Structure formats: structure tokens, C-alpha cells
Amino acid sequence: MSLKVYNSLSRQKEIFTPINAPYVGMYVCGPTVSGESHLGHARPFITFDVIYRYLMYLGYKVRYVRNITDAGHFEEEGREAEDKISKKAVLEKLEPMELVQKYTNLYHWAMSRFNNLPPSIEPTATGHIVEQIEMIKKIIADGYAYEANGSVYFDVDRYNTDFSKLGKPYGMLSGRNLEDQLDTTRELDNQEEKRDKNDFALWKSAPPEHIMRWNSPWGEGFPGWHIECSAMSSKYLGEEFDIHGGGMDLQFPHHECEIAQSTVCNHKTPARYWLHNNMITIQGKKMGKSYNNVIKLTELFSGDSPILEQAYSPMTIRFFILQSHYRGTLDFSNEALQASEKALKRLWEAYEWYSKQSINEGSAASDPGLNEKVQKLVTEFDEFMNDDFSTAKVLANMFELSSVINSIKDKHISENAMSGQTALLLQKQLKAYLEDVFGLIGERASDNGQLDGILQLLISIRKDAKSKKDFMTSDKIRNELAALGVQLKDEKDGGTSYNFN
RNA sequence: GGUCCUGUGGCCGAGUGGCUAGGCAGAGCUCUGCAAAAGCUUCCACAGCGGUUCGAAUCCGCUCGGGACCUCCA
């Protein structure tokens with residue numbers, strides 16, 4: 001069974017066929033590092049990380065390119081005013097690259113806490129000014145852009161007229177007609193320079209106060225937002241590559257503009273499959289700066305926000321996101337995240353216990369019915385993922401499997417119920433999926449021999465007390481450890497295990 | 001105004017016309033010195049009204065509600 005992905009371009013699920021198997025090129029729009037990432041940003045990066053991981057699980061050799069937008073308007077809130085006052089003091093001035101560095105570091109930190117694999121290439125817009133200028137020159141030469149007062153604009157109308165004839169009208173990705181666009185009287189910079197309201201900037205002339213600026217054939221300025229992705233994707237993935245991903249809110253105009261720019265330059269639609277993740281909402285509304293309802297990742301991890309009842313770990317958030325399908329909206333609430341936290345814990349404990357069991361490979365199944373059920377549940381992992389990455393369904397199967405595992409642990413089900421082969425398959429696939437594909441990791445305190453020794457000592461003291469029916473002492477140990485966040489559990493086999501909360 | 005998406009039980013969420021989603025929460029039972037955890041059982045559902053069909057949460061229409069994009073936006 002082959003992988004099917006929902007292609008925004010065709011609005012349907014299509015069989016995924018790489019241009020150059022086993023190689024796959026994937027480009028995902030990264031962050032603008034002018035501020036802190038919030039929960040909404042986590043979704044695409046986790047979603048496409050899982051897609052990246054799954055493609056590798058399928059055996060593809062993937063080049064994953066995710067950019068960092070570090071050019072454009074760079075101002076930090078609250079710092080702009082000071083800047084104007086202390087223009088002469090270099091160190092007190094707003095230094096854009098300082099902001100870029102700060103938020104890039106923070107972003108990388110968050111990505112690693114989520115256990116997202118680093119992309120193969122993470123190019124920056126400022127590192128590719130030359131490529132962007134070359135591309136703009138080419139678009140002008142072909143007659144699809146014009147200069148006005150040191151800025152360059154893309155001629156959308158001309159593009160649309162010419163390329164509609166080739167079946168590639170402007171708006172083909174987001175499914176809209178130019179005529180239908182809302183006729184706005186919006187306050188945008190230098191709007192009057194444009195020949196048409198739909199035209200977008202390829203290069204912007206920098207006003208004197210704009211600090212980020214580069215030389216260009218059209219004077220000092222900075223690149224428009226859309227051109228960087230076209231320049232960097234074609235540089236690293238070629239004129240035509242396999243997958244282009246990003247948030248749904250980027251579909252228009254960002255991706256539409258990318259298509260137009262690249263099509264003019266390379267005469268090809270840049271990507272074959274366009275994948276878009278949906279938004280994270282909060283009380284039904286999109287989480288976004290303009291709605292004033294964002295929860296920053298640092299707040300989420302620390303619990304330091306009036307919206308949050310507690311802190312949520314990176315893995316809880318990752319799991320929360322995997323429990324829904326990436327193309328649907330996902331509603332944030334404390335209740336929902338708390339549910340995810342508990343669910344993940346239950347699943348992970350079953351997984352960890354089972355992964356330590358030694359299995360007799362040659363043993364036969366004493367309960368063929370159960371054996372078959374387990375096999376089906378495990379085999380379906382691939383089927384569900386092949387159906388446009390249905391992570392939620394895989395997790396549902398895993399919960400059914402963890403019930404089976406827990407029953408084996410509690411000896412309600414014989415350990416020989418399934419065959420050795422099935423048991424090994426289960427072990428293998430749980431690991432492959434939970435760790436390699438879903439990218440989940442155990443969050444318990446790192447292995448610490450001293451700590452473990454101390455806890456084992458307490459456990460043995462408690463055991464002695466229990467055997468003397470000194471429940472005062474045994475309960476004291478258990479309760480006070482619980483207050484410290486260490487939970488003791490008396491297991492069926494007479495031993496005691498511990499867990500960090 | 002245009003283009004779309006969406007409405008599933010207390011909450012979050014899968015659902016390809018016929019077969020249990022799953023998780024969390026609630027109730028009961030088992031296990032336990034007591035817990036915790038786990039297991040078993042159980043309660044609660046497809047916005048409303050029509051239509052198509054032997055059969056619809058799933059297709060069509062209407063009504064009502066929610067949301068996204070058209071502007072920087074993951």
C-alpha cells in the first residue's frame with residue numbers, strides 16, 4: 001500500500017510519487033525570528049517533523065529544508081522608541097541581528113525540546129540576498145515585474161493573463177479569482193507605487209530609518225517576504241521538488257506568490273505536493289498575535305500564564321498535536337492538555353514495560369484470536385499513516401494494544417497468548433512508531449545512579465516497615481515522596497516501582 | 001462582498017453509507033493493609049428540518065450556529 005497525501009493544489013488525496021525516488025525534497029516555511037514562538041507555531045514544525053520522520057521510515061532519503069526569515073521589518077516591541085532617542089550610541093541602538101540571534105536561539109531551543117529533528121538545511125533569508133536579487137532581475141527581464149522608486153513589484157495581472165492560458169492562473173493554489181478579491185483601501189506602505197492592488201513587492205526600497213538594508217540594482221533596500229522561499233527552495237531542492245509545506249494561513253498570498261515567482265523563473269510549478277496544516281484555536285478562535293490570545297512556548301513549558309492551570313511538557317504538547325489530524329483545527333484547553341498528559345503517561349508506561357520483556361521467538365500463540373487482533377492493530381499503523389498521516393488513528397490502536405499489554409502485565413492474559421513472532425513485531429513497531437516516527441521520548445528524570453540508589457534504599461526501608469505492618473512508616477515514605485513528585489507503586493510481583501511526576 | 005472549512009456524548013477528538021474509534025472525566029466491580037496504577041463492566045453522540053437509499057454521523061438541499069483566508073500571520 002502506497003502513501004497518499006492530500007495535495008492542496010488538487011484538493012484531493014494523491015498517491016505520493018517522488019520525482020527522483022528514493023530521494024525526496026521537502027521545503028517547509030520556517031519562522032520569522034522577530035519574536036517568540038507560540039503554541040500555534042509548534043503545530044507545523046511538529047507535523048512536518050513527523051512527516052519527515054515517516055518518509056525516512058518508508059526508506060526515502062529526504063532533504064528537508066526549512067528556512068529562517070530574518071530579513072524585513074525588525075523591531076522589538078518597546079525598543080523602538082529608545083532607539084530613536086539614542087541614535088548615536090551604537091550599543092544602545094536596535095541591532096536587528098541581535099534580535100535575530102536571540103529569537104533564533106530560542107526557536108532552536110524549543111524545537112529541540114519538542115524533539116524535532118533538525119532540518120537538513122536551514123537557510124536564512126539574509127544569507128541569500130544575492131540569490132533573491134538574481135531572481136528578481138530575471139523576473140524583470142521576463143517582463144513580469146517593474147521598478148518604482150527603488151522598489152520592485154510583481155505584475156500579477158500580466159502573470160495571470162499569460163499563465164492562465166497554460167492552465168496556471170494566479171490563485172490556483174488557494175482557489176480564488178483575482179476579480180473576487182476584496183477591494184480594500186488598506187494602509188500599506190507606498191501602495192500608490194503599485195500598478196494594481198494585487199501586485200506584491202519583490203524588493204522594497206529602505207526608508208532612512210530602516211536599519212536592515214542591502215545594495216541592489218534598484219538602490220538600497222530589502223527583499224520582499226515571498227521571494228526568499230522561491231530563491232532558497234530552488235537553490236537547494238531544484239526547480240521542481242516534491243513537497244512544500246506550511247500553515248494554511250500561508251496558502252494565500254505567500255505560497256501563491258511563490259508559485260508565481262518560481263513559475264516565471266523556472267517555467268515549472270515549484271512543488272508537486274502542497275501540504276498545509278490547520279490552525280490551533282483557543283475557544284474556537286485561531287491563536288494569533290492579532291487576536292491577542294497566544295500562549296508562548298516558554299509560558300507553556302513553565303505554566304507561567306493566566307490562561308494556564310499548570311505547565312505542560314513538550315511531549316504532552318507533541319502528543320496533543322498527534323492526537324488530531326493535521327488538516328483539522330485543534331482546540332486548546334487546559335482540560336484537553338491534561339487529558340493528553342495522562343494519556344501519554346499511560347501509553348508510555350505500557351510501552352516501556354513491554355519493551356523490556358524478553359520474548360521467546362519460536363513460541364506459538366495460545367490464543368489465536370488475540371494474536372490475530374494484535375497483528376491487525378499493529379499492521380494498521382502503516383495503513384493509517386499512508387492515508388495522509390492519520391496519526392490519531394495509530395494512537396487509538398496503540399491504546400488498544402496497551403490494554404493488551406497491561407493485561408499481560410497483570411496476568412489477566414497469558415504471556416503466551418500471542419506468538420513470539422507477533423510479540424516481537426509488537427515490540428519493534430511500538431518502538432519504531434513511538435520513538436522514530438512520532439518522535440516521542442521518555443520524560444522521566446535522566447538516569448541518575450545516585451538518585452536511583454537513594455530511592456531503592458527508601459523502597460527497601462518501606463518494604464521492611466510494611467512487612468512488620470508498620471504502616472505509619474511505610475505510608476510516611478510514600479506520602480512524602482509523593483509530595484516531592486515521586487510516586488511509588490506496589491506492583492503485582494511484590495516489587496515497588498517509582499515514577500517522577 | 002468573494003473563496004472555503006466546520007458543527008460528533010461533560011471535555012478533546014477519529015470516523016472512507018451498513019460493523020466498538022481512542023483519550024480524559026463520571027459510575028460500579030476486581031486487585032490492595034490502605035493507596036496508586038492496572039484490568040473488567042457501564043453511562044453519555046452524531047446542530048435542526050427535509051430528501052436520496054433496503055440502510056446516513058457519513059451523500060444532497062434548506063435553516064441555524066462556529067471558524068479561516070482575502071492584510072503580517074504557522
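A quick note: this is a predicted structure, and the numbers were derived from the prediction, not measured. To find a chain, count down the sequence lines: A is the first, B the second, and so on, and within it residues start at 1.
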**OP:** May I ask you to list the residues of residues 332-342 of chain A, by number, that have any heavy atom positioned under 4.0 Å from an atom of RNA chain B?
**Re:** E335(A), A336(A), A339(A), K342(A)

**OP:** Taking only the side-chain nitrogens and oxygens of K286(A), find out if one of them lies under 4.0 Å from OP1 or OP2 of C69(B).
**Re:** yes

Original post:
Hey, is the side chain of S290(A) poking within less than 4.0 Å of OP1 or OP2 on U71(B), counting only N and O atoms?
Top reply: no

Original post:
If pairing requires Watson-Crick or G-U wobble contacts with both distances under 3.5 Å, which nucleotide is the partner of G17(B)?
Top reply: none

Original post:
How is M279(A) classified with respect to the nucleic acid when contacts are heavy atoms under 4.0 Å: base, sugar-phosphate, or nothing?
Top reply: base

Original post:
Just checking N397(A): base, sugar-phosphate only, or nothing, at a heavy-atom cut-off of under 4.0 Å?
Top reply: nothing

Subject >> Complement of G7(B), any strand, by Watson-Crick or G-U distances under 3.5 angstrom >> reply: C64(B)

Original post:
Is Y170(A) near enough to C70(B) that one of its side-chain N or O atoms lies under 4.0 angstrom from OP1 or OP2?
Top reply: no

Original post:
Can you find a side chain N or O atom of K285(A) that sits less than 4.0 Å from OP1 or OP2 on G67(B)?
Top reply: yes

Subject >> Touch class at under 4.0 angstrom, heavy-atom based, for L488(A) against every strand present >> reply: base

**OP:** Select base, sugar-phosphate, or nothing to describe what M398(A) touches, counting heavy atoms under 4.0 Å on all strands.
**Re:** nothing

Extract from the structure each pairing of a protein N or O with an N or O of nucleotides 14-16 of chain B at less than 3.5 Å, listing the distance.
| from | atom 1 | to | atom 2 | distance (Å) |
| --- | --- | --- | --- | --- |
| A14(B) | OP1 | H325(A) | N | 2.9 |

**OP:** Name the nucleic acid region contacted by N277(A), choosing base, sugar-phosphate or nothing; use a 4.0 angstrom heavy-atom cut-off, strictly under.
**Re:** base

**OP:** Would you state whether a donor and an acceptor, one from the side chain of D475(A) and one from the base of G33(B), lie under 3.5 Å apart?
**Re:** yes

Original post:
At under 4.0 Å, does any side-chain N or O of N406(A) touch on OP1 or OP2 of G39(B)?
Top reply: yes

**OP:** Tell me what F399(A) touches on the nucleic acid: a base, only sugar-phosphate, or nothing, going by heavy atoms under 4.0 Å.
**Re:** sugar-phosphate

**OP:** Please check if the side chain of N67(A) supplies one atom and the backbone of P123(A) the other of a donor-acceptor pair under 3.5 Å.
**Re:** no

Subject >> Watson-Crick or G-U counterpart of G1(B), or none if no pair lies under 3.5 Å >> reply: C70(B)

**OP:** With heavy atoms under 4.0 Å as the rule, sort G284(A) into base, sugar-phosphate or nothing.
**Re:** sugar-phosphate

**OP:** Look at R11(A) and C5(B) and indicate whether a side-chain polar atom (N or O) is within less than 4.0 Å of OP1 or OP2.
**Re:** no

Original post:
For R478(A) and A36(B), is the shortest distance between a side-chain N/O and OP1 or OP2 below 4.0 Å?
Top reply: no

Got a list of protein N/O to nucleotides 29-31 of chain B N/O distances below 3.5 Å?
none

**OP:** Answer yes or no: is there a donor N or O on one side and an acceptor on the other, between the side chain of E480(A) and the main chain of K476(A), under 3.5 Å?
**Re:** no

